Trainee: 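Below is a structure I'd like to ask you about.
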There are 2 protein chains.
Amino acid sequence: MVLSKACTYGILASLYITRETNKKTGYVSIGRMSKELHISFHFLTKILQELTSAGLLTSMKGPKGGVALKQDAKDITLLDIVIAIDGMELFSECLLGLPGCGNEEPCAVHNEWGGIREQLYQTFRSKTLATTTQQIDEQNLRFALPELLDS
Amino acid sequence: MVLSKACTYGILASLYITRETNKKTGYVSIGRMSKELHISFHFLTKILQELTSAGLLTSMKGPKGGVALKQDAKDITLLDIVIAIDGMELFSECLLGLPGCGNEEPCAVHNEWGGIREQLYQTFRSKTLATTTQQIDEQNLRFALPELLDS
DNA sequence: TTTTTCTAAGACCGGATTGTCTTAAATTAA
DNA sequence: TTAATTTAAGACAATCCGGTCTTAGAAAAA
Ligand code: FES
Ligand code: FES
């Protein structure tokens, strides 16, 4: 898996928060969010805490509490979220697992991987929460896990 | 990590076997290989068994035994090795972890990820053990883990 | 003030991956 | 035939990740 599950959940949750913020002001309840995205409440809470301590979200306890974007949606990129949860490794590591990926000691796939990795980086960097939620609305894109039906 | 550690070891080992085969004929000792690549002998053995049962390698027990390529080095691609160990998931999964990646129900990064994923696929597919070892020799590329120095 | 509704924090468990070890079996060499 | 060398197979431990649960603490509502 390219991104950890925690990271994908963090992205989906951030998009959800952005969309809710567009509708009404105030904090978004984690409980409600976990139900609508079909993500475990406690697990989601842990992930959002990471985003909060990374300075991307703010939180408020108590009734009417929840989480909210700390910055404007157009100033937070998907890259910010990826880095906050998974770190920078994806964008600096050798595809063959050799230590110290770089042009000094390239491995057999370094040339190709360097370019691909850069595209991945620019993709995340160019997508802000604002532009991405706009695309979701305009093109009816998916941004939530499906309801899991117990057999 | 994009590829599992087992998968990167499998690629490095396959390249090693190919290079040794170019020098002399016969089987390549796993014990010697594990020493030169600095990969745990038993772990490497397990990985090579997977490649053997996938039909990419053959093995022989006893003195003068070891592993050898089952097919010609120009007929085995890095993609064959990746698929044998990690499977096809990398090349079909949604970057945001949503089930059923496809054009019918795209997520917010599907367009970009689709192209990037395809480049990754074609990179592995276009590199055979023969062409890759040739590049390694011509360009002095890395293909082994560094010796780990115990502090 | 008291209760209710929330997030914060962290202990805890299960499964997958990584890595080690032991034993068995096959082949060669003495 | 016997001993040495090598892979095969699988048990086993350690670590990480995903996920659950419990308790604490803050804020609002009653
Ligand atoms: S050294 Fe391997 S990808 Fe850069
Ligand atoms: S649906 Fe997400 S990458 Fe294809």
Side-chain angles (χ1 to χ4, degrees), chain A residues 1-13 17 20 26-35 37-70 85-87 89-90 97 145 148 150, chain B residues 1-13 17 20 26-35 37-70 82 84-87 89-90 96-97 99 145 148 150:
Chain A
M1 210 185 302
V2 178
L3 301 178
S4 70
K5 218 155 188 183
C7 188
T8 65
Y9 287 175
I11 292 175
L12 298 176
I17 296 168
E20 290 300 307
Y27 293 92
V28 178
S29 156
I30 301 180
R32 205 174 144 239
M33 189 177 357
S34 78
K35 283 194 187 70
L37 296 181
H38 304 108
I39 298 174
S40 149
F41 168 74
H42 292 287
F43 191 30
L44 182 56
T45 297
K46 203 167 12 177
I47 297 164
L48 295 177
Q49 282 173 25
E50 288 187 63
L51 295 180
T52 300
S53 58
L56 298 175
L57 302 179
T58 46
S59 66
M60 172 67 104
K61 290 178 180 175
K64 295 285 181 179
V67 291
L69 299 183
K70 192 166 188 181
I85 297 177
D86 277 355
E89 294 81 40
L90 173 61
L145 295 178
L148 42 89
D150 41 356
Chain B
M1 212 185 303
V2 178
L3 301 178
S4 71
K5 218 156 187 182
C7 188
T8 64
Y9 288 175
I11 293 174
L12 298 176
I17 296 167
E20 290 300 307
Y27 292 93
V28 178
S29 156
I30 300 180
R32 208 176 140 236
M33 187 175 2
S34 78
K35 282 194 187 70
L37 296 181
H38 303 109
I39 298 174
S40 148
F41 168 73
H42 292 287
F43 191 31
L44 181 57
T45 297
K46 208 171 359 182
I47 296 165
L48 295 178
Q49 282 174 23
E50 288 186 62
L51 294 180
T52 300
S53 57
L56 298 175
L57 301 178
T58 47
S59 66
M60 173 67 105
K61 290 178 181 175
K64 296 285 181 177
V67 292
L69 299 183
K70 191 166 189 182
V82 170
I85 297 178
D86 277 356
E89 295 80 40
L90 173 61
L96 297 187
L145 294 178
L148 45 88
D150 41 356

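Keep in mind it's a predicted model, so treat the numbers as computed, not measured.
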Trainee: What distance separates A:Tyr9 OH from A:Leu51 CG, expressed to the nearest 0.5 Å?
Mentor: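 With rounding to 0.5 Å, OH (A:Tyr9) is 14.5 Å from CG (A:Leu51).
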Trainee: Which atom names give the shortest non-hydrogen contact between A:Ser34 and A:Ser40, and what distance separates them?
Mentor: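 That closest heavy-atom pairing would be CB-C, 4.4 Å.
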Trainee: Going 5' to 3' through nucleotides 6-17 of chain C, assign each nucleotide B (protein heavy atom under 4.0 Å from a base atom), S (under 4.0 Å only from sugar-phosphate atoms) or - (no protein heavy atom that close).
Mentor: BBBB-B------
Trainee: Working to the nearest 0.5 Å, report the span between OG1 of A:Thr52 and CD of A:Glu50.
Mentor: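 So the gap between those two atoms works out to 10.0 Å.
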Trainee: Taking any atom under 4.0 angstrom from a heavy atom of chain A, which nucleotides of DNA chain D are the first and last to qualify, 5' to 3'?
Mentor: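 Both ends considered, the range comes out as D:dG18 to D:dA28.
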Trainee: For A:Val67 and A:Met33, run side-chain contact (heavy atoms from CB on, under 4.5 Å): C-alpha distance rounded to whole Å, both residues' side-chain angles, the deciding distance at 0.1 Å, then the answer.
Mentor: CA-CA 10 Å; A:Val67 291; A:Met33 189 177 357; 4.0 Å; yes
Trainee: Could you tell me how far apart B:Tyr9 (OH) and C:dT20 (C1') are, to the nearest whole angstrom?
Mentor: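 Whole-Å distance recorded here is 14 Å.
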Trainee: Can you name the residues that form a side chain to side chain donor-acceptor pair (under 3.5 Å) with B:Ser4, not counting sequence neighbours?
Mentor: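 B:Ser4: side chain to side chain donor-acceptor pair (under 3.5 Å) contacts with B:Asp86.
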Trainee: Could you tell me which non-hydrogen atom of B:Gly10 sits nearest to which non-hydrogen atom of B:Ile47, and how far apart they are?
Mentor: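 Nearest pair, atom of B:Gly10 first, then B:Ile47: CA-CG2, 3.9 Å.
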Trainee: Quick check: do A:Ile39 and A:Leu145 have side-chain heavy atoms less than 4.5 Å from each other?
Mentor: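 With C-beta onward as the side chain, the pair touches.
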Trainee: With a 4.5 Å limit on heavy-atom distance, are the side chains of A:Leu56 and A:Leu69 in contact?
Mentor: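 Not touching, per the 4.5 Å side-chain cut-off.
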Trainee: Nearest whole Å is fine: how far is C:dC21 C1' from B:Leu44 CG?
Mentor: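 Distance, rounded to whole Å: 16 Å.
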